[in-house]
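Here the structure is a predicted model, which is why all the values come from computation and not from measurement. Residue numbers begin at 1 in each chain, while the letters A, B, ... track the order of the sequences.
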Number of protein chains: 2
Amino acid sequence: MRLVIARCSVDYEGRLKAHLPEATRLLMVKADGSVLIHSDGGSYKPLNWMSPPATLRVLHEGLDDGVIEQWVVQSAKTDDRLLINVLENFHDTAHDLGVDPGLIKDGVEADLQRLLADQIETLGSGFSLIRREYFTAIGPVDILARDANGTTVAIELKRRGDIDGVEQLTRYLELLNRDPLLAPVRGIFAAQQIKPQARVLATDRGIDCVTLDYDAMRGVDDSASRLF
Amino acid sequence: MRLVIARCSVDYEGRLKAHLPEATRLLMVKADGSVLIHSDGGSYKPLNWMSPPATLRVLHEGLDDGVIEQWVVQSAKTDDRLLINVLENFHDTAHDLGVDPGLIKDGVEADLQRLLADQIETLGSGFSLIRREYFTAIGPVDILARDANGTTVAIELKRRGDIDGVEQLTRYLELLNRDPLLAPVRGIFAAQQIKPQARVLATDRGIDCVTLDYDAMRGVDDSASRLF
DNA sequence: ATGTCGATTTCGTGC
DNA sequence: GCACGAAGTCGACAT
């Protein structure tokens, strides 16, 4: 990885065009040829960048007045291109980092779904699982179950429940209820947190809302699938 | 901005839990207290990070064996926390970057909309523009036009057409068709790329799909509205 | 402050 | 490899 602190201007041309006026920034060049241009603020997204795979070529001649060198970062797969005009170079170091073992995550929607499928009675006594990821023409229903009365239940699962999730579940219910083998199908919107507007919309459409306690569910599930 | 190259392990606890095993990485500390942890590959997204505003505290005592120092990065607004155990420090520099003037863009959905409005006959001969951003009670219709038969057409425009866009257009059509001065109103879903599931849903609802070629449209449009 | 929507999204997963 | 959905999404803009 090469780290350069430089006063520079940047032009990107690819799926769109973009321009960065002259300022001092960090230029990060990774081993795969990708380049990230960071300012000293904002979040993790760079001001501009080139995704890998890419190649960096440095030009020293035929440049505009005041430009020390021009970096041409060319994507290897598309014709996206990044032009960096370097006006002043304050820092330039290279470091050998090696390959990273990568991130281990816990607590995303997939974990919630697995836990809820294992503990489907959380939703009510007599509930039984039909299957996870029940595929339809318009996408997969997170969980399909049967309640104590034998009625089919479509469950939409979110970490954070907002209106989009209710819309999604509504579409599934509309489609599933056209299937005489399944109909009538009721819906349950389950999330760690459900926003008031989403709850109102769901209730209005006859969809039940359930708030899930991830920590409690993980506590019940005594399998040895622990991170730490 | 402070740049550190260090062998480290990282634990994040906040909206989820995540862990990075020991490896050599770049630790970037920005002026607003945000921290980015980058490996020498991948795209612009860091392996792990803390969004601003945040504060960095460095501990030197009571650490595990082999740990030189522990960084505690605490979000100022939430209880999200990042723990970085530094095992070896290879590089540590600080740089004054100043405030960045920011990015100037061209070629996003707004530009597509302007182009399509100018070249409304792309959608069919005899088409004429009524107006862009036709405001309704539930939001603006991207483009309202009239086809060769004089029928009103509501056009929803996306760079990438997925199901959400079809839902949006459906709501507009429902509303517009209640207006006797406009009804009947047909819909066109126009995008640079339309996903199969979105196409299925649109077709099912009697909405036409059109794929747009932005480069061709930009070529036809000979106006001098260029950035550079 | 809050909600909504686009993005050069990136990232994982299933087929 | 392609397509789709989630994200600790981020960011911009309107209310």
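For the pair A:L201 CG and C:dT4 P, the interatomic distance rounds to 11 Å; values are reported in whole Å. A straight line from CG of B:L103 to P of D:dC13 spans 12 Å, rounded to a whole angstrom. Rounded to whole Å, the distance from NZ on B:K195 to P on D:dC4 is 6 Å. Distance A:Q113 CD to D:dG5 P: 14 Å, rounded to the nearest Å. In this entry the distance linking CD1 of A:I104 with C1' of C:dG12 reads 15 Å, nearest Å. A straight line from NZ of A:K77 to C1' of D:dC2 spans 12 Å, rounded to a whole angstrom. Rounded to whole Å, atom P of D:dA7 lies 10 Å from atom CD of A:Q192. Computed from coordinates, the B:R160 CZ to D:dC2 C1' distance equals 13 Å when rounded to whole Å.
Minimum atom distance to the side chain of A:K158 is reached by D:dA6, of the listed D:dG5, D:dA6, C:dC11. Here D:dT9 is the nucleotide among D:dG11, D:dT9, C:dT10 with the atom lying nearest to any side-chain atom of B:R15. Here D:dC10 is the nucleotide among D:dC10, C:dG14, D:dG5 with the atom lying nearest to any side-chain atom of A:K45. For B:P196, counting side-chain heavy atoms from C-beta on, the closest listed nucleotide (D:dA3, C:dC11, D:dG11) is D:dA3.
When heavy atoms are screened at a 4.0 angstrom cut-off, B:Y44 is found touching the sugar-phosphate backbone but no base atom. Within 4.0 Å of B:T78, counting heavy atoms only, lies no atom of the nucleic acid at all. Residue B:M50 is classed as a base contact, given a heavy-atom separation below 4.0 Å to a base.
Shortest non-hydrogen contact noted between A:I37 and A:L27 is CG1-CD2, 3.7 Å.
In this structure a side-chain-to-backbone donor-acceptor pair under 3.5 Å is missing from B:E156 to B:A190.
Comparing A:L82 and A:F135 by the nucleotide of DNA chain C that holds the closest heavy atom to each, the one mapping nearer the 5' end is A:L82. Nearest-nucleotide positions on DNA chain D place B:I163 closer to the 5' end than the other of B:W49 and B:I163.
Interatomic distance, A:L87 CG to A:E22 CD, rounded to the nearest 0.5 Å: 4.5 Å.
For the residue pair B:R25 and B:S39, no side-chain donor N or O sits within less than 3.5 Å of a side-chain acceptor on the partner.
A salt bridge does not link A:D96 with A:R2: none of the charged nitrogens is closer than 4.0 Å to a carboxylate oxygen.
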